[in-house]
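From a predicted model like this one, the values you see are computed outputs, not experimental measurements. Because only heavy atoms are used, hydrogens play no part in the values below, and waters and symmetry mates are left out as well, while side chains stay in.
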Amino acid sequence: MSDLRMLTVRPQPGEYAWTFGGAPAVARIAPGTALDLFTEDCFGGRVRSEKDLVSEVCEFPFLNPQTGPFHIEGAEPGDTVAVHFVSVEPARDWAASTTVPLFGALTSTHTTATLQPPLPETVWIWQLDRARRTARFAARDSEFTADLPMDPMHGTVGVAPANLEVRSALVPDAHGGNMDTPEMRAGVTCYLGVNVEGALLSLGDGHARQGEGETCGVAVECAMRTVVIVELLKGVATPWPRIESDTHIVSTGSARPLEDAFRISQLDLVQWLVRDYDFSELDAYQFVTQTVESPLANVCDTNYTCVAKLRKEWLPPRETHRGLHTRLRESAATLPRPEL
């Protein structure tokens, strides 16, 4: 991985994917390729002022445009694609957030049907200071402002689902998709199980920052300039998306109701300890119970996403995913940083 190939992709407005599965590959790449990507925000860049209501400037279901998909040569069902995030940087000096009628954790929705009318549609424009690494909140109904630290991440990363399924880019599930976890930031490696030949990897939905749970359903949404390195682990199955950082291993689960998403992430972490860290199943269950951190990713999407994370320093000194995260970190350090 010392001589990384770099592919730069800047999609034109009509070149985004809106689903996982069902979209043709925009490029074929070999494992070990670095991708320098532009991703558009979830609104397709159409929400630019407080007057730009999503219901008026966006057309459902064309939300959450994805850059890709990329056909990864040699990827077959039963393998795992590794996506290492070298850098995730806002591509503009502004971002947008909004309430959306019948969407979010604290409002009536189509499935939580009540007599209350939808919340009003309101837009907040966040100013991003990329030099200071801050995102400015400006209240709509008072003079209050706050400069919050930026924590850029990708809400949506995934591959084509199994069983000939085509899933909206708004949906998280075993293939990845719209998980909306702040864990998906620069420096981590995301592991995704391959379901179809070539995997068909896509990503998008950049957030300048997001609170755990994404309560109103919309983060600080922005276009991103992102560099990733894509690798392939042959013969390694990954049933649910996993993330590895320098400090933690992280399992995800996406489902409704929320407790099922929680169960999936916790079970996957237990099974990870059994497979790679020589725990028995019951020892892993007990150890996870007493050590796990369980932040919410989103409680607003079509499926909810829970995270289960565990500190590496508390684990036996074992290699997971063939030590790929460490090697990709080393390779990332050799890449030139793109101009923003």
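Residues Met224 and Val188 share a single hydrophobic cluster, defined by chaining ILVMFWY side chains whose heavy atoms lie under 4.5 Å apart. With hydrophobic clusters built from ILVMFWY side chains whose heavy atoms lie under 4.5 angstrom apart, Val218 does not share a cluster with Trp126. Under the 4.5 Å side-chain contact rule for hydrophobic residues, Val47 and Leu102 do not share a cluster. If you chain together hydrophobic residues whose side chains sit under 4.5 Å apart, Ile72 and Val159 fall into the same group. Under the 4.5 Å side-chain heavy-atom criterion for grouping Ile, Leu, Val, Met, Phe, Trp and Tyr, Met179 is not connected to Val166 through any hydrophobic cluster.
Using a 4.5 Å heavy-atom cutoff, the side chains of Pro11 and Glu40 are not in contact. The shortest distance between side-chain heavy atoms of Trp240 and Asp173 falls below 4.5 Å. Annotation: side chain of Val230 is in contact with side chain of Ile29 (closest heavy-atom distance under 4.5 Å). Between Asp301 and Val171, the closest side-chain pair of non-hydrogen atoms is not below 4.5 Å. Val83 places none of its side-chain heavy atoms less than 4.5 Å from the side chain of Leu203. Taking 4.5 Å as the limit, some side-chain heavy atom of Leu232 sits within range of a side-chain heavy atom of Asp79. Side-chain contact between Leu335 and Ile229 is present, with heavy atoms from C-beta onward closer than 4.5 Å. Within the 4.5 Å cutoff, no side-chain heavy atoms of Val292 are placed close to those of Leu310.
The CG atom of Asp129 lies 9.5 Å from the CZ atom of Arg133; values are rounded to the nearest 0.5 Å. Annotation: the span from Leu170 atom CG to Thr19 atom OG1 amounts to 11.0 Å, rounded to 0.5 Å. Interatomic distance, Met184 CE to Thr226 OG1, rounded to the nearest 0.5 Å: 12.0 Å. Taken from CZ in Arg318 to CZ in Phe279, the straight-line distance is 8.5 Å, to the nearest 0.5 Å. Taking CD of Glu212 as the start and CG of Leu296 as the end, the distance is 7.0 Å to the nearest 0.5 Å. A distance of 7.5 Å separates OG in Ser108 from CG in Leu119, rounded to the nearest 0.5 Å.
Between Glu50 and Arg140, at least one side-chain nitrogen of the basic residue sits less than 4.0 Å from a carboxylate oxygen of the acidic one, meeting the salt-bridge criterion.
Taking a 6.0 Å sphere around CD of Glu281, one finds it holds 12 or fewer heavy atoms contributed by other residues, nucleotides or ligands. For Tyr285, the OH atom is loosely surrounded, since the number of other residues' heavy atoms within 6.0 Å does not exceed 12.
The nearest pair of heavy atoms linking Lys234 to Gly74 is NZ-O, 2.9 Å. When all heavy atoms of Phe38 and Ala91 are compared, the closest pair comes out as CE1-CB, 3.7 Å. Cys222 approaches Asp41 most closely through the heavy-atom pair C-CB, 3.6 Å. Asn303 approaches Asn298 most closely through the heavy-atom pair O-OD1, 3.4 Å. Heavy atoms only, all atoms of each residue included: Ala96 and Ile125 are closest at CB-CD1, 3.9 Å. Summarising the geometry of Pro69 relative to Ala17, their closest heavy-atom pair is CD-CB, 4.2 Å, with the distance given to 0.1 Å.
Side chain of Asp52 to backbone of Ser49: a donor-acceptor contact under 3.5 angstrom is found. Thr98 contributes a side-chain N or O that, together with a main-chain N or O of Thr122, makes up a donor-acceptor pair within less than 3.5 Å. Panel note: side chain Ser245, backbone Thr247; a donor-acceptor pair is recorded below 3.5 Å. Listed for the Thr109 side chain is a donor-acceptor partner under 3.5 Å among the backbone atoms of Thr112. The closest donor-acceptor contact from the side chain of Arg256 to the backbone of Thr302 lies under 3.5 Å. Of the possible polar contacts, one joining the Glu221 side chain to the Ala219 backbone as a donor-acceptor pair under 3.5 Å is found. Under the 3.5 Å distance criterion, the side-chain polar atoms of Thr99 are matched with a main-chain donor or acceptor of Pro120. Within the 3.5 Å criterion, the main-chain N or O of Pro241 finds no donor-acceptor partner in the side chain of Thr238.
Residues Tyr191 and Glu244 have side chains that bring a donor and an acceptor to within less than 3.5 angstrom of each other. Looking only at atom types and distance, the side chain of His248 has a donor-acceptor partner in the side chain of Glu293 under 3.5 Å away. When only modelled atom types and interatomic distance are considered, Glu121 and Ser55 share a side-chain donor-acceptor pair under 3.5 Å. If you check the side chains of Thr305 and Asp180, you find no donor sitting under 3.5 Å from an acceptor. Looking only at atom types and distance, the side chain of Asp246 has a donor-acceptor partner in the side chain of His325 under 3.5 Å away. Side-chain atoms of Thr156 and Asp205 form a donor-acceptor pair, as typed in the model, at a separation below 3.5 Å. Asp147 and Thr134 form no side-chain donor-acceptor contact under 3.5 Å, judged by distance and modelled atom types alone. In summary, the side chains of Thr114 and Gln116 do present a donor paired with an acceptor at a separation below 3.5 Å, with no hydrogens or angles considered. Counting only N and O atoms by type, the side chains of Glu231 and His84 include no donor and acceptor under 3.5 Å apart.
With Asp151 as reference, Arg185 is the one residue of Arg185, His207, Arg209, Gln210 to meet the side chain to side chain donor-acceptor pair (under 3.5 Å) rule.
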Quiz item: After noting the C-alpha distance and the side-chain angles of Val57 and Leu53, does the key distance pass the side chain to side chain contact (heavy atoms under 4.5 Å, CB included) rule?
Solution: CA-CA 6 Å; Val57 301; Leu53 302 184; over 6 Å; no
Quiz item: For Lys309 and Glu183, what are the C-alpha separation, side-chain angles and deciding distance, and is it a salt bridge (charged side-chain N to carboxylate O under 4.0 Å, His left out)?
Solution: CA-CA 10 Å; Lys309 55 189 292 191; Glu183 304 292 339; 3.0 Å; yes
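Ring centroid separation for the pair His321 and Trp272 comes in under the 6.0 Å cut-off.
Sequence neighbours left out, the pairs with a member in residues 259-270 that pass side chain to side chain donor-acceptor pair (under 3.5 Å) are Arg242-Asp268, Ser251-Asp268, Asp260-Arg263, Gln266-Ser294.
Ring orientation note: the planes of Trp18 and Phe62 are nearly perpendicular, at an angle over 60° on the 30°/60° scale.
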